[in-house]
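Have a look at the structure below before the remarks.
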Amino acid sequence: MPTPFQDAVYKALLKIPKGRVTTYGEIARYLHTKAVRAVGSAVGKNPNAPAVPCHRVVLSTGKIGNYSGEGGVDTKKALLTEEGVVVVNDTILNFKDVLYTFS
DNA sequence: AACTTGACAGCAG
DNA sequence: GCTGCTGCCAAGT
């Protein structure tokens, strides 16, 4: 049973369109909190996987960040590439172009 | 109830 | 652009 905070985070994740990514900071802003760490923890637990596209969340610096699924970061990069996001090593190319800000 | 941990962000050097 | 330190809040121990 997820906490209300986690539920809010997952709900936010579902709003991310395919081929786009968002940052923990943007999610925190969307939830009206500065607890980016808490957001990261909530996503990391991800009890709703794969119902929630948790692989579309990256660092504000354009780097991939971390991943707790199959194969770790490697799979995360692969998934993003599948969705149309170009990733080199651990960095997203044209990051600002694919970034989703919950407009 | 107190302390530690964590899929981070922002700034200084 | 990279390394390191600080600040943030929720969850788990």
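Quantities reported herein were computed from a predicted structural model and do not represent experimental measurements. Just so we're on the same page: letters track the sequence lines, and every chain starts at 1.
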Q: Can you figure out which of B:dA7, C:dA10, C:dC8 approaches the side chain of A:Ala38 most closely?
A: C:dA10

**Q.** Atom of A:Gly72, atom of A:Tyr67 and distance for their closest heavy-atom approach
**A.** O-CD2, 3.1 Å

Q | Closest to the A:Lys45 side chain, choosing from C:dG12, B:dA7, C:dA10 | A | C:dG12

Q | Nearest-Å distance for atom pair CZ/C1', residues A:Arg37 and B:dG10 | A | 13 Å

Q) Rounded to whole angstrom units, what separation is found between the CD1 atom of A:Ile16 and the C1' atom of B:dA7? A) 13 Å

Q: Decide yes or no for A:Val52 and A:Leu14: does some side-chain heavy atom of the first lie under 4.5 Å from some side-chain heavy atom of the second?
A: yes

Q | Spacing between A:Lys63 atom NZ and B:dG10 atom C1', to the nearest angstrom | A | 16 Å

Q: Describe the nucleic acid contact of A:Ser60 in one word from base, sugar-phosphate, nothing, applying a heavy-atom distance below 4.0 Å.
A: sugar-phosphate

Q. Could you state the CZ-P distance from A:Arg29 to C:dC9, rounded to the nearest angstrom?
A. 16 Å

**Q.** Minimum-distance nucleotide (side-chain atoms of A:Val43 versus B:dA7, C:dA10, B:dA9)
**A.** B:dA7

Q: Starting at CG of A:Leu80, measure out to CD1 of A:Ile64 and round the result to the nearest 0.5 Å.
A: 5.0 Å

**Q.** pair A:Tyr30-A:Thr101: side-chain heavy atoms closer than 4.5 Å
**A.** no

Q. Is there a donor-acceptor pair under 3.5 Å between the side chain of A:Lys77 and the backbone N or O of A:Asn89?
A. yes

Q.
Any N or O donor-acceptor pair under 3.5 Å from the base of B:dA7 to the side chain of A:Tyr24?
A. yes

**Q.** Nearest atoms (heavy-atom pairs only) where A:Tyr24 meets A:Asn66
**A.** OH-O, 4.4 Å

Q: Indicate, with yes or no, if A:Leu59 and A:Val21 share a hydrophobic cluster defined by side-chain heavy-atom contacts under 4.5 Å among Ile, Leu, Val, Met, Phe, Trp and Tyr.
A: no

(Q) What is the distance, to the nearest angstrom, from the CG atom on A:Asn66 to the C1' atom on B:dA9? (A) 16 Å

**Q.** Bracket notation of DNA chain C in which parentheses pair within the strand, [ ] cross earlier pairs, and | pairs with another strand (Watson-Crick or G-U, under 3.5 Å)
**A.** .||||||.|||||

(Q) What is the separation between atom CG on A:Leu59 and atom C1' on C:dT3, rounded to the nearest whole Å? (A) 15 Å

**Q.** 5' precedence on DNA chain C between A:Ser41 and A:Val36 (nearest-nucleotide basis)
**A.** A:Val36

Q: Nearest whole angstrom, please: distance from the P of B:dC8 to the CG of A:Leu13.
A: 14 Å

Q: Return the value, rounded to whole Å, for the distance between atom OH of A:Tyr67 and atom P of B:dC8.
A: 14 Å

